Structures are given as structure tokens and as C-alpha cells.
**Student:** 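The structure is given below, and queries will be raised subsequently.
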Amino acid sequence: MCGIIGYLGSKNAVPVLLDGLKKLEYRGYDSAGVAVIRDNKIQVRRVKGKIRDLVESLKASPLEGSCGLGHTRWATHGRPSEENAHPHRDCSGTLVVVHNGIIENYLPLKEELIREGHVFRTETDTEVIAHLIEKHFKGSLEEAVMMAIRELEGAYAVAAMSVRDPDKIVAAKTGPPAVVGLGEGEFFISSDINPILGYTPRVVFLEDNEMAVLERQGVRFLDFQGTPLSKTVDHLSWNPIMIEKKGFKHFMLKEIFEQPQVIRDTLEGRISQGSGKVYLDETGLSPRATKSIERVLIIACGTSYHAGLAGKYFIESLAQVPVSVEYASEYRYHDLLLDPRTLVVVISQSGETADTLAALRAIKKAGGLTLAISNVVNSTIPREAERALYTHAGPEIGVAATKTFSAQLAALALLALYLAQAKGRSDEGTFSPLIQDLLRVPHKLERILTEARRLEDLAQRFLAFSHFLYLGRWVSFPVALEGALKLKEISYLHAEGYAGGEMKHGPIALIDEDMPTLAVVPKDRAYEKMLSNISEIKARSGHILALAFEDDTEIVNYADEVIRVPACSPLWSPFLTVVPLQLFAYHIAAKRGADVDQPRNLAKSVTVE
Ligand code: F6R
């Protein structure tokens, strides 16, 4: 977590680094810094706070240089402070490093370096890297970096530069992502592609145990033994406009409104309107291999886990294949009881979540067949899984996942239909209306979004509450979990998502007039039981805000307020019911003055375990 950026070219590096840091800020935002080389000296500026504070500091007292590094931090070792902000220096102040990740053996290394006379100025694990490079420096920066990283244990994407081997940036990675941008006479190293998009479409993704040496004449790639590597150059398809707010107050709101298009884009080309056939040839999952799948295991964290839970109902209902869904952070500690007929689906929008990656690696080691669902082409998880199915949501900048959740639902719906098809369980009579209804989801979502104002008014009326319960059953259970997660992560209010039937086993004790319940009640197989849950809450003075289909005439007799969504096949209702909950959370948080796009303590891509 933390974002790193480096620039070597003919321009002043500082504006390029600042622009890049703004795009990486979702990765961490407690402190930031830049360093540039000028007149054989390294100049460093660091601040506690956000990138805007760094911008102000540099406005007041500018720096200039055509080779530079930048960093935005999410604290792991050492509190957020100016001293602990990167870039970090060696004793002589002639070299600097930026780092994303954790150095697990930093304490013994630090003790040894101190015994050898090195002077430490910070509480960070990163500073040991600067001193180790200093210790091994004999004239070549890449050789010193290579020697230093051989002593490190843990995960890192690191970049270094030195006045003693100038006009050079050396980057290395094991764990967190690092991508090199190849422009015309200018080169970039970054934690993701967003800072590079505006300058060049040509990028190279570093694999673990690989290094890049950026020089004025070009970029060389090496392994950790110094052997030259020849790497594939990828051409990016995302464009820089995709990461602008386009008039919306926050990225999160813009991304909520992008959902109809994101679902269309994820379904497009994979489902035939006419025949209803699903094509997932791109994944390499042949119909024959798919037919032999007897069990599905879904692994993910956070919002992706909630999408996975919804996917369970899609797959079980359509393909009649049993599915289990596990938190990646927990699954790693399980005994891995896999057989070759289990398809393991690993969901990660960023493709970089450390817990999910660790689970994927353990599963691969145990011989499981893996399929990654990710939004970031060539990120680590889809690269390492045997098969990949990409969602087409475009870059998501708001830290709270919204449009990528919908895109994941679309990908899982496709997978469920594909499995059903391969297993011969897709008879036209039942499937054709379901597929037509799936294709109508984006249009129905557009209708919900035209009435988004209503959610703002509702949020205003619920501003006084500090605790919320979210309930749903069957496909609406993951929606309840996701609605509660959205509210707590961006508004810092207490919200609990529960399966409706579980309420009477504990949470009902919480119900009183101060704890409103958001009940997700589409007309589905669990509808009547949800009405009973609502009645039980009303009998205990609880206030009910229900999310129901627009043709539901009964719900008004039960709920205090009703938010309507267009009716659809019950299986697809999560696509529609989650959106009002995202808007509700957004408006409550915005009205409370919270930093919606960058909630406290969070980072978009959790690359530490
Ligand atoms: C919540 C949120 C997180 C992520 C989780 C997994 O809004 O964004 O809970 O869903 O950190 O991230 P990915 O999908 O990138 O693996």
C-alpha cells in the first residue's frame, strides 16, 4: 500500500511526479514526498498529510530536476510524520529510495547497520534499504541495489537514485506491483499504470525478482542475479480521461453513475443477444474442461468477497454446481482440500491484494485449477492464475469499490451461464428470459440513477443515526453486507450486514428506535420470510427502510419508507438493489463532510498481509 513513482526524461520531474502521486493517492495518503537530482545534489521535500499539502509546499519553495522519485504513504512501520515520509536517504544524503511493501527482517538489519556505524533518522523499515545500498555501493547503483535486496526478506517494490551514479533510476520488485513506462526520451516507474497513461501507452510490467534500470538512452531489465531479460512491451487501452471527475463532486459518485455502462462493457462480446450463448473463450476454459467441473471455490476479500457470495447463488441456481466462498485472508490457513474437478475463482479488482495473492499461490501449489476475475489487465493475480476473466470497469479511483462490484457481478453471471451451458443445464425455455433480463439490467439501472436525488433526501433524514442494520436473504444477503460495508468505510458510522434469518439469533437485541434497518426485499423466494423479519423489527420499535421492486404493492404495509427499483428476475436483483445502498452511503458520508474518495485508514489496493 503506498504508491511509488519515478521519472527520468527531459522535463522538470516535479510536476510529473506530483501529477502521478495524485493518481496514486488512493494507495495511501498520510504523508508524501519527492526527491530530484540537480547540480549533483539530491533535494528532498516531504510533508505529513496529503498530496495537496506537498503541492503547496513545493509552490512556496519549488524544486527542479529531470530525474526524480515520489511517494505517497500508508503507514505500516512508524507513524505518519514528515521524518517517516519517503523518499528516505542514506547517511551521506547522496542516495534516496522509495518503497511500497514491508521489510520483515528490518530490525536485525537495522541493528547490524547501526553497529557498522550507519545513522538512522526514521522509524521506518524502508530506511534500511537506503543504508544497505550505501553499504554495497562501489560505483554502480544497480549492483548495489542487487546486493542490498538479496539481504531483504518481505515484500517490496523499490526505486532508488544516487548522485554518485547519476541519470539513472533503479527499480526492483518482489510482491507489490511495479510498471515501467516507455515514452519518447522519457521513462517512468510506477505502482500502477494511471500516472503513465497521459504520457505513453507503452508499458512493461515487472515480475517478481526483476529489476529495471532506467537511463537516458533507454531501460534495461535484469533478474536479481544481473542476467539481462527481454520483456514484452504492452500497449495500454485505458485513457487519461477515464480518471477525471467529469463534473461529479467525487470519483465515487462518478463511478456509481458509470455502472450501467460498465455492466454493458463487461457483458459485451461475451453473450449473444440472439442465441443467448455465452462465449468465454478468452479465458481458455474449454466447454469440455468446464463440463467436468464439479465444485467451485471462490476466494476474495472485502467487496470482491461480497460479489463472490452473490456469484455463489448465480452458479448454484443456474449451473447446479455447489459453490463455497471464502475470505482469502482466512483461506490461506485452511487445509487445502482441492481436487482437479474444483474450479477456484479468485476475485480481485486490483489484481494485487496481498491476501488474495497469497491464497492463490497456495492453491496453485496444491494443484487447483484457478481462474482470476480482475479489472486490471496484467496485474499480478490474473497473471499468476491459470485463466483470467477481465471486468471492463475502467480505472476505479474512489477507494470504496462501486462500479467494480457491478462489473464483478456481471462477470460472475457470465461464468454461471457458461457453466450451465457447458453442463447442458441451459434449456432455452428458462434461460432465454433470464438472459434477456440480464441484458436489460443496464437500462434498469439508468432508471434508478435518474431518481438518485431521492436518495440524497433520504440520507438527509437519516443523518442523525449512528447505527444501522442491513438485512437480506439469499441473493440479497451479500447486498446487505455490501451496503453496510459502504456505509461504514466512507461515513465511519456503525453498520452491520446480516442474513435476515440470523437476526433473531442475536442482533435483534440491538433493535430500538435509534437503530434503523435497511431491508433488501426484492420479490424472490425469501420475500415472505423477509416480511416476517420486518414485522419482528417493527414490533420492537425499529424503523424500516425497505428496498423493493416497483410492482410490490404489499411492502408499504410493512416498511416505514420504501425505495423502489425496477422489477427483474430475482437472481439479478443484486445489480439493482446495491445501487441505492451505494448512493445512500455516499450521501450520508458527503453530508457528514467525510473524505469520500479517500476514507481514513484505508487504501485502495491492500498489498500488505
Ligand atoms: C471496499 C473495498 C475493499 C476491497 C478489498 C479487495 O470498498 O474496496 O474491501 O474490495 O480490499 O480488493 P481487491 O478487489 O482489489 O482485491
Side-chain angles (χ1 to χ4, degrees), residues 1 3 26-29 74 175-177 191-192 194 250-253 255-256 259 262 298-311 325-332 345-361 370 372-385 388-391 393-409 411-412 470 478-479 481-492 495 497 578-579 581-586 589 594-609:
M1 290 308 205
Y26 71 87
R27 299 178 68 87
Y29 33 83
W74 184 83
S191 293
D192 74 25
N194 291 334
H250 295 100
F251 278 110
M252 180 177 174
L253 191 58
E255 287 157 1
I256 290 173
Q259 290 178 109
V262 156
I298 299 179
I299 306 280
C301 295
T303 289
S304 296
Y305 170 82
H306 299 156
L309 274 181
V325 191
E326 304 281 352
Y327 283 119
S329 50
E330 280 299 310
Y331 190 71
R332 307 177 46 189
V345 180
V346 183
I347 310 175
S348 172
Q349 84 78 21
S350 64
E352 302 294 349
T353 298
D355 286 316
T356 313
L357 180 59
L360 168 66
R361 286 179 176 160
T370 53
I373 295 182
S374 180
N375 194 43
V376 183
V377 174
N378 266 332
S379 52
T380 311
I381 289 172
R383 270 208 321 268
E384 292 201 10
L389 174 58
Y390 285 105
T391 52
E396 187 174 66
I397 306 300
V399 164
T402 51
K403 64 174 177 172
T404 53
F405 176 74
S406 291
Q408 288 167 346
L409 291 182
L412 286 158
Y470 286 67
V479 176
L481 293 177
E482 179 58 10
L485 176 62
K486 288 298 87 119
L487 186 68
K488 66 187 131 189
E489 70 181 329
I490 60 170
S491 68
Y492 320 141
V578 77
V579 175
L581 298 184
Q582 294 168 342
L583 284 165
F584 183 76
Y586 168 78
D595 192 343
V596 173
D597 284 334
Q598 294 175 347
R600 70 185 182 201
N601 304 340
L602 295 181
K604 180 93 186 144
S605 174
V606 186
T607 54
V608 293
E609 291 170 40

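We're numbering straight along the sequence, starting at 1. In each ligand, atom 1 is the first atom listed, and ligand 1 is the first ligand listed. This one's a predicted model, so the numbers in the text were calculated from it and none came from an experiment.
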**Student:** State the CG-CD1 distance between Leu583 and Ile256, to the nearest 0.5 angstrom.
**Tutor:**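 So the CG of Leu583 and the CD1 of Ile256 are separated by 4.5 Å.
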
**Student:** Drop me the distance from Ile490's CD1 to Leu485's CG, to the nearest 0.5 angstrom.
**Tutor:**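 Spacing of CD1 (Ile490) from CG (Leu485) equals 9.5 Å.
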
**Student:** Mind checking ring-ring contact (aromatic ring centres under 6.0 Å, His included) for Tyr586 and listing every partner two or more places apart, or none if nothing turns up?
**Tutor:** His250

**Student:** Does the side chain of Pro395 come within less than 4.5 Å of Asn194's, by heavy atoms?
**Tutor:**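 Asn194 reaches Pro395 side chain to side chain.
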
**Student:** Just which atoms of ligand 1 are under 4.0 Å from any heavy atom in Lys486?
**Tutor:**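 Ligand 1 atoms under the 4.0 Å threshold to Lys486: 1 (C), 7 (O).
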
**Student:** Using heavy-atom distances only, which candidate in Gly302, Cys301, Ser304 approaches atom 14 (O) of ligand 1 most closely?
**Tutor:**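 Checking each option, the heavy atom nearest atom 14 (O) of ligand 1 is found in Ser304.
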
**Student:** Considering both backbone and side-chain atoms of Gln349, is one of its nitrogen or oxygen atoms within less than 3.5 Å of a nitrogen or oxygen in ligand 1?
**Tutor:**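 Between Gln349 and ligand 1 (N or O atoms, distance only) the closest approach is under 3.5 Å.
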
**Student:** Are the side chains of Leu581 and Lys486 in touch, meaning some heavy atoms are under 4.5 Å apart?
**Tutor:**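 The answer is no, as the side chains (C-beta and beyond) never meet within the 4.5 Å cut-off.
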
**Student:** Does an N or O from Gln408, backbone or side chain, lie closer than 3.5 Å to an N or O of ligand 1?
**Tutor:** no

**Student:** Is a donor from one side chain sitting under 3.5 angstrom from an acceptor on the other, for Thr402 and Gln259?
**Tutor:** no

**Student:** Could you tell me which atoms of ligand 1, counted from 1 in the order shown, lie closer than 4.0 angstrom to a heavy atom of Ser348?
**Tutor:**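 Near Ser348, meaning under 4.0 Å from one of its heavy atoms, ligand 1 has 13 (P), 14 (O), 15 (O), 16 (O).
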
**Student:** Against heavy atoms of Val399, which atoms of ligand 1 measure under 4.0 Å?
**Tutor:**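 Answer, ordered by atom number: 8 (O).
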
**Student:** Which of the numbered atoms in ligand 1 are below 4.0 angstrom from a heavy atom of Glu489?
**Tutor:** 1 (C), 7 (O)

**Student:** So for ligand 1, is Ala401 a polar contact partner (N or O within less than 3.5 Å, distance only)?
**Tutor:**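 Yes; at least one N/O pair falls below 3.5 Å.
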
**Student:** Check if Glu352 has a non-hydrogen atom at a distance under 4.0 Å from any atom of ligand 1.
**Tutor:** no

**Student:** Please name all residues satisfying ring-ring contact (aromatic ring centres under 6.0 Å, His included) with Tyr327, sequence neighbours left out, ordered by chain then number.
**Tutor:** Tyr305

**Student:** If you measure from each heavy atom of Asn375 to ligand 1, is any distance below 4.0 Å?
**Tutor:**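 Per 4.0 Å heavy-atom rule, Asn375 does not contact ligand 1.
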
